[in-house]
Amino acid sequence: MPHYKDQIPSKLPEVKTTIFTRMGQLAHQYNALNLSQGFPNFDPDPKLIKLVTKAMNAGYNQYAPMAGVLELREVIAQKIDTLYGQQYQPDSEITITIGATQAIFTIITAFIGHGDEVIVFKPAYDCYEPAIEVNGGIPILIQMNNKDFKVDWADFRSRLTNRTKMVIINSPHNPSGTIFSDQDMLQLQQSLTKTNIIVISDEVYEHIIFDGNAHHSASKYPDLASRTFVCGSFGKTFHITGWKMGYCAGPAELMHEFRKVHQYNVFSADHAVQRALANYLKEPQHYLGLNQFYQEKRDLFQSGLSHSRLKIRPCMGTYFQLLDYSEITQEQDEAYAERLVREKRIACIPISSFNTNGLDNHLLRFCFAKTNDTLKSASDILCSL
Ligand code: PMP
Ligand code: GLN
């Protein structure tokens, strides 16, 4: 094939294949235990699969409505109201998307243009910055400290300019496993009053939060909610990352702009899955038990590591555990992670890929959304390092 690399400049010259794809391929090549990309290695509830089959047999095989199946939007609105006390109108304030990734990309595309600044806290999940850059925006990176990954709100305020158009937050936080407190949310709300700054609150791990901590959704804070898109993912909550189903909730005027892009980007998300989720979500125990379920996995994994030379970082939410390997070696995290796959047959994610300028603090991320057998085998390997 002829190629035109020199004549057609890349819009994203610095972007490489994601670390998830690279580590996943390496894990496959070496037949390693794969605790890298975040997905469960167990099946979703058979009831949910039956509901999808039922929806397909009932004929829900053509396009869903553009904004999503109304019944599903209604049950999401009900759930947010019950959990966080905010009312969203199902018809105008909630849209079903192809995973949270599409929601985030579409929000950024709807609002960010050339020269607009978007604040991103680092380390950050990897889909934010390319979406900003491909739209001509400028990511303003605020690196959180490596000890407790707390935001310094005074520093945050000093980074706001008249070009700041958007802020992206993520709690529970991938990859650190930390959470925003009520105080953090109030600080954010307070810092943005009297501005027109839009917030993306990436809350895909809202139901994976431990030790009795509460999730402080942006939807709980009226002034914050009035400028925020809250993004959710059923992939995380129902062990169905491959179904790529998510949603966003936000005020009607903002959602109106969102849908202008959404309707030409994907038009709508999978119909049968939406019908199934509309039914499945009616029973709160289907998601309220998830904290306990993953807390047991976190505890099992952590206790298996008690004799290891890896230092366990606190994990308050998400299904990721950070481990500090600085007592074992001073190698770069990416090189060490690759060596672990080749020599120890275990795959993880090096944290430098989420940091500003690849900052390397010798931290590796392990996904514990795995069967107990896998977690035991993984901790045995890690104890041998
Ligand atoms: N945000 C964060 C923080 C994530 O970890 C993920 C997981 N992949 C996503 C967004 C994307 O979610 P989805 O798979 O629903 O697109
Ligand atoms: N959210 C998943 C993780 O953090 C990865 C999804 C992806 O591969 N883009 O591991």
Side-chain angles (χ1 to χ4, degrees), residues 15-28 34-41 44 68 72 76 95-108 120-132 144 149 168-180 199-209 215 217-218 229-249 262 265-266 269-270 273-274 277 287 290 294 315-322 337 347-355 363-370:
V15 168
K16 298 186 284 190
T17 304
T18 80
I19 190 71
F20 306 113
T21 303
R22 284 188 280 138
M23 292 311 293
Q25 280 170 349
L26 212 58
H28 183 71
N34 189 359
L35 277 66
S36 61
Q37 193 182 28
F39 63 88
N41 72 341
L72 176 58
I76 292 170
T95 302
I96 310 301
T97 58
I98 301 182
T101 311
Q102 185 241 312
I104 292 164
F105 190 87
T106 302
I107 298 163
I108 293 171
V120 176
F121 297 102
K122 301 288 279 181
Y125 183 56
D126 68 344
C127 81
Y128 309 148
E129 281 148 74
I132 297 163
M144 294 186 283
F149 299 95
I168 305 180
I169 59 166
N170 168 220
S171 177
H173 182 249
N174 179 8
S176 73
T178 54
I179 53 179
F180 270 11
V199 174
I200 294 180
S201 185
D202 179 345
E203 302 184 13
V204 301
Y205 300 103
E206 69 180 312
H207 296 300
I208 312 182
I209 189 156
H215 172 59
S217 171
F229 283 96
V230 173
C231 299
S233 170
F234 297 114
K236 314 289 159 187
T237 306
F238 298 134
H239 319 310
I240 49 169
T241 61
W243 295 10
K244 292 299 297 183
M245 188 62 66
Y247 63 89
C248 59
H262 176 79
N265 180 11
V266 296
D270 187 298
V273 170
Q274 290 191 55
L277 285 168
Y287 48 87
L290 205 62
Y294 275 123
C315 170
M316 292 168 250
T318 76
Y319 45 48
F320 302 116
Q321 175 65 58
L322 286 192
C348 60
I349 298 289
I351 293 312
S352 62
S353 45
F354 297 92
N355 274 337
L363 290 170
L364 301 173
R365 189 197 82 174
F366 292 81
C367 172
F368 57 80
K370 305 294 166 192

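Read the numbers this way: they start at 1 and go in the same order the structure lists the ligands and their atoms. Computed from a predicted structure; not experimentally measured.
- Side chains of K244 and T101 form a contact here, defined as non-hydrogen atoms less than 4.5 Å apart.
- The line from OG of S233 to CZ of F238 is 10.0 Å long, rounded to the nearest 0.5 Å.
- Of all atoms in ligand 1, numbered sequentially from 1 with element shown, those under 4.0 Å from a heavy atom of K244 are 13 (P), 14 (O), 16 (O).
- From the protein, the heavy atom lying nearest to atom 15 (O) of ligand 1 is S233 OG, 2.7 Å.
- Nearest non-hydrogen protein atom to atom 9 (C) of ligand 1 is Y125 CE2, 3.4 Å.
- Cation-pi geometry between K122 and F149 is not satisfied (NZ or CZ under 6.0 Å from the ring centre, within 45° of the ring normal).
- Residue K236 approaches ligand 2 through these ligand atoms, each under 4.0 Å from one of its heavy atoms: 1 (N).
- Only side-chain heavy atoms of N170 come within less than 4.0 Å of ligand 1; its backbone N, CA, C and O stay farther off.
- For atom 3 (C) of ligand 1, the choice among D202, T318, D126, I168 with the nearest heavy atom turns out to be D202.
- Between T241 and ligand 1 there is no heavy-atom distance shorter than 4.0 Å.
- Nearest approach of I208 to K236, heavy atoms of both residues: CD1-O, 4.2 Å.
- For the atom pair CG (L72) and CE (M245), the distance works out to 8.0 Å, reported to the nearest 0.5 Å.
- Here is the list of ligand 1 atoms found below 4.0 Å of a heavy atom in Y205: 3 (C), 4 (C), 5 (O), 7 (C).
- Contact check for F320 versus I349: no side-chain heavy atoms found under the 4.5 Å cut-off.
- Where the criterion is an N or O separation shorter than 3.5 Å, residue side chain and backbone included, Y128 fails it with respect to ligand 1.
- The closest side-chain heavy-atom distance from Y294 to P40 is below 4.5 Å.
- An N or O contact shorter than 3.5 Å links R365 to ligand 2 by distance.
- For ligand 2, the atoms sitting less than 4.0 Å from at least one non-hydrogen atom of F320 are 3 (C), 4 (O), 10 (O), numbered in the order shown with element in parentheses.
- Taking CG from N355 and CG from L363, the interatomic distance works out to 8.5 Å, rounded to the nearest 0.5 Å.
- For the pair A100 and ligand 1, the shortest N or O to N or O distance falls below 3.5 Å.
- For F234, the heavy-atom gap to ligand 1 stays at 4.0 angstrom or more.
- Judged purely by atom type and a 3.5 angstrom limit, H215 has no side-chain atom pairing as donor or acceptor with the backbone of Y205.
- We find the OH-CZ distance between Y247 and F229 to be 14.0 Å, quoted to the nearest 0.5 Å.
- Between atom 1 (N) of ligand 2 and the options F354, F39, Y125, the minimum heavy-atom separation is to Y125.
- The structure places CD1 of I76 at 3.5 Å from CD1 of I96, a figure rounded to the nearest 0.5 Å.
- Short contacts between ligand 1 and N174, defined as distances under 4.0 Å to a heavy atom of the residue, involve ligand atoms 3 (C), 4 (C), 5 (O).
- Using a 4.0 Å heavy-atom cutoff, Q102 is absent from the residues neighbouring ligand 1.
- Residue contacts with ligand 2 include N174, since one of its heavy atoms falls under 4.0 Å from the ligand.
- Closest to atom 2 (C) of ligand 2, if we only count protein heavy atoms, is G38 N, 3.8 Å.
- Ring geometry for F121 against F180 counts as perpendicular: the plane angle is over 60°, on a 0 to 90° scale with 30° as the lower cut.
- In this structure, Q102 contributes its side chain and G246 its backbone to no donor-acceptor pair below 3.5 Å.
- Looking at M245 against ligand 1, nothing comes within 4.0 Å, counting heavy atoms.
- At the shortest separation from atom 8 (O) of ligand 2 among protein heavy atoms lies Q37 NE2, 2.6 Å.
- Scanning the protein for heavy atoms near atom 11 (C) of ligand 1, the closest one is T101 OG1, 3.3 Å.
- Among all non-hydrogen protein atoms, the one lying nearest atom 7 (C) of ligand 1 is K236 NZ, 2.4 Å.
- Here the side chains of S353 and D126 are not in contact, with every heavy-atom distance at 4.5 Å or above.
- Of all the heavy atoms of I349, none lies under 4.0 Å from any atom of ligand 2, so neither backbone nor side chain is involved.
- Residue contacts with ligand 2 for M23 are absent, since no atom lies close enough (heavy atoms, distance under 4.0 Å).
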